[in-house]
Amino acid sequence: METTTLRCDKCNRDAIIFQKYSGMHLCRKHFIEDVERKIKLTIRKHYSIKRNETIAVGLSGGKDSSTTLYILHKIFGGRPDISLVGICIDEGIEGYRPNTIESAKELTSQLGIELIVRSFKEEYGTTMDLIAPQKREKGTCSYCGVLRKSLLNKTALELGATRLAIGHNLDDEAQTVLLNHLKGDVSRMVRLAPPKELEGLVLRMKPLRQIPEKEVALYAYLHDLPLGFGGCPYAHEAMRGEIRVLLNDLEVNHPGTKYALLSGFDKMSGILGREFPQEGLANCRLCGQACTEGVCQACKLLGRDQ
Ligand code: SF4
């Protein structure tokens with residue numbers, strides 16, 4: 001049987017991907033160029049890196065954060081005034097986190113980047129494996145997310161970082177926009193917008209926010225990045241899972257839905273920020289971390305305020 005090889009729309013080489021949302025077939029070279037072009041544009045538009053910055057990268061050893069570190073190294077690695085450092089948080093999840101930490105170590109060693117590993121155990125005296133079976137108000141991922149975010153920020157501050165890059169891709173961002181709409185959570189929507197400088201919080205950046213999850217996976221595969229395998233045993237945040245399925249179905253029937261959702265949000269975010277200004281930050285009276293109330297979310301979840 002004769003098979004037809006699809007050709008790249010830019011150079012006529014064999015295509016490795018069809019981007020339904022753009023209508024383009026792309027070869028390896030033009031796919032990589034397309035991903036890197038979008039990331040550079042995102043950084044220029046939202047994060048304008050200045051001279052003498054230190055960019056900390058939250059590195060889990062998975063495809064998203066590993067690709068983030070790899071591309072930031074590709075973009076800024078030749079700049080003597082920009083430093084990159086990886087921060088890996090060990091939440092204490094047996095059978096999952098240890099092998100992703102090994103991948104993070106391998107990648108940073110390949111790129112010649114320092115890696116700092118911090119753990120819930122040493123910082124909070126507990127682990128997700130201990131928290132997960134307890135009776136709790138919120139889902140496991142809510143605890144894990146708040147504690148990890150707090151420890152990442154604390155470590156980045158200690159390292160003197162001016163930015164904290166995380167690996168959220170287009171799918172993550174589109175899911176969060178829809179999730180916040182469905183929950184009517186305006187304050188979270190405001191916080192999702194590109195960040196402002198706030199004392200005590202390292203400026204966050206999401207270089208992959210315009211790259212679909214599947215393309216991040218393909219980019220990581222094409223560059224043979226060392227990636228941890230297996231999934232987290234607690235990954236069943238019900239509503240986000242439902243939204244992921246819903247958006248993936250919509251994307252099949254209406255290509256470009258995820259981009260449209262994020263770009264609509266970006267257009268509104270300035271207005272949201274003016275109508276609902278972010279509260280100023282104070283220091284948590286228990287741990288000293290930046291927070292909007294007297295006690296930070298991490299201390300509340302750990303029951304330190306009782
Ligand atoms: Fe933490 Fe949930 Fe991610 Fe597992 S899936 S690492 S519990 S946030």
Side-chain angles (χ1 to χ4, degrees), residues 56-69 86-105 107 115-156 164-180 183 185 188 191-192 204 206 208-209 213 216-217 220 225-248 289 296-303:
V57 180
L59 188 61
S60 70
K63 69 180 188 319
D64 300 304
S65 61
S66 299
T67 299
T68 303
L69 181 70
I87 304 176
C88 186
I89 304 295
D90 179 357
E91 304 93 342
I93 303 172
E94 267 315 305
Y96 167 60
R97 191 51 85 210
N99 89 73
T100 66
I101 294 175
E102 284 312 307
S103 306
K105 286 181 180 165
L107 179 64
L115 176 69
I116 308 291
V117 181
R118 301 289 308 272
S119 72
F120 281 11
K121 181 85 186 152
E122 65 179 16
E123 180 67 19
Y124 305 123
T126 188
T127 65
M128 285 315 299
D129 283 341
L130 290 173
I131 292 173
Q134 288 168 12
K135 243 182 127 194
R136 290 167 278 104
E137 262 177 48
K138 297 192 176 186
T140 311
C141 291
S142 302
Y143 278 74
C144 187
V146 167
L147 298 180
R148 184 178 47 239
K149 202 169 160 185
S150 175
L151 187 50
L152 267 177
N153 186 65
K154 183 179 176 191
T155 311
L164 177 55
I166 51 173
H168 287 195
N169 58 45
L170 173 68
D171 293 50
D172 298 321
E173 290 291 272
Q175 286 159 20
T176 306
V177 170
L178 190 53
L179 194 62
N180 290 339
K183 289 186 172 177
D185 196 335
R188 270 183 197 272
R191 292 206 296 270
L192 188 65
R204 292 195 146 215
K206 301 173 186 170
L208 305 188
R209 73 193 294 273
E213 183 170 14
V216 177
L225 301 186
L227 301 181
F229 49 85
C232 174
Y234 310 121
H236 37 240
E237 231 185 303
M239 197 160 177
R240 182 176 286 271
E242 286 173 41
I243 287 174
R244 170 194 286 261
V245 173
L246 178 74
L247 278 176
N248 285 344
Q289 283 262 24
C296 72
Q297 279 300 316
C299 284
K300 280 185 191 161
L301 288 180
L302 291 165

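Order of appearance sets the numbers: ligands from 1, and atoms from 1 within every ligand. In what follows, residues are counted from 1 in the order of the sequence shown.
- For E94, the CD atom is loosely surrounded, since the number of other residues' heavy atoms within 6.0 Å does not exceed 12.
- The shortest non-hydrogen separation linking R97 to I89 is NE-O, 3.7 Å.
- Inclusion of C141 in the first shell of atom 4 (Fe) of ligand 1 is not supported: no N, O or S atom falls under 2.8 Å.
- Near C144, with a cut-off below 4.0 Å to any heavy atom, the atoms of ligand 1 are 1 (Fe), 6 (S), 7 (S), 8 (S).
- Against a heavy-atom cut-off of under 4.0 Å, C232 is close to the following atoms of ligand 1: 4 (Fe), 5 (S), 6 (S), 7 (S).
- Considering all non-hydrogen atoms of both residues, K138 and Y143 come closest at O-CE1, 3.7 Å.
- Every atom of ligand 1 is numbered from 1 in the order shown, and the set under 4.0 Å from a heavy atom of R148 is 1 (Fe), 6 (S), 8 (S).
- Looking only at side-chain heavy atoms (C-beta outward), L147 and E91 stay at 4.5 Å or farther from each other.
- Taking 4.5 Å as the limit, some side-chain heavy atom of L246 sits within range of a side-chain heavy atom of L178.
- Counting all heavy atoms, side chain and backbone alike, A56 lies closest to I87 at CB-CD1, 3.8 Å.
- Contact annotation for M128 and ligand 1: no heavy atom of the residue comes within less than 4.0 Å of the ligand.
- Near A235, meaning under 4.0 Å from any of its heavy atoms, are these atoms of ligand 1: 5 (S).
- Taking a cut-off of under 4.0 Å to the non-hydrogen atoms of Y234, the atoms of ligand 1 that pass are 7 (S).
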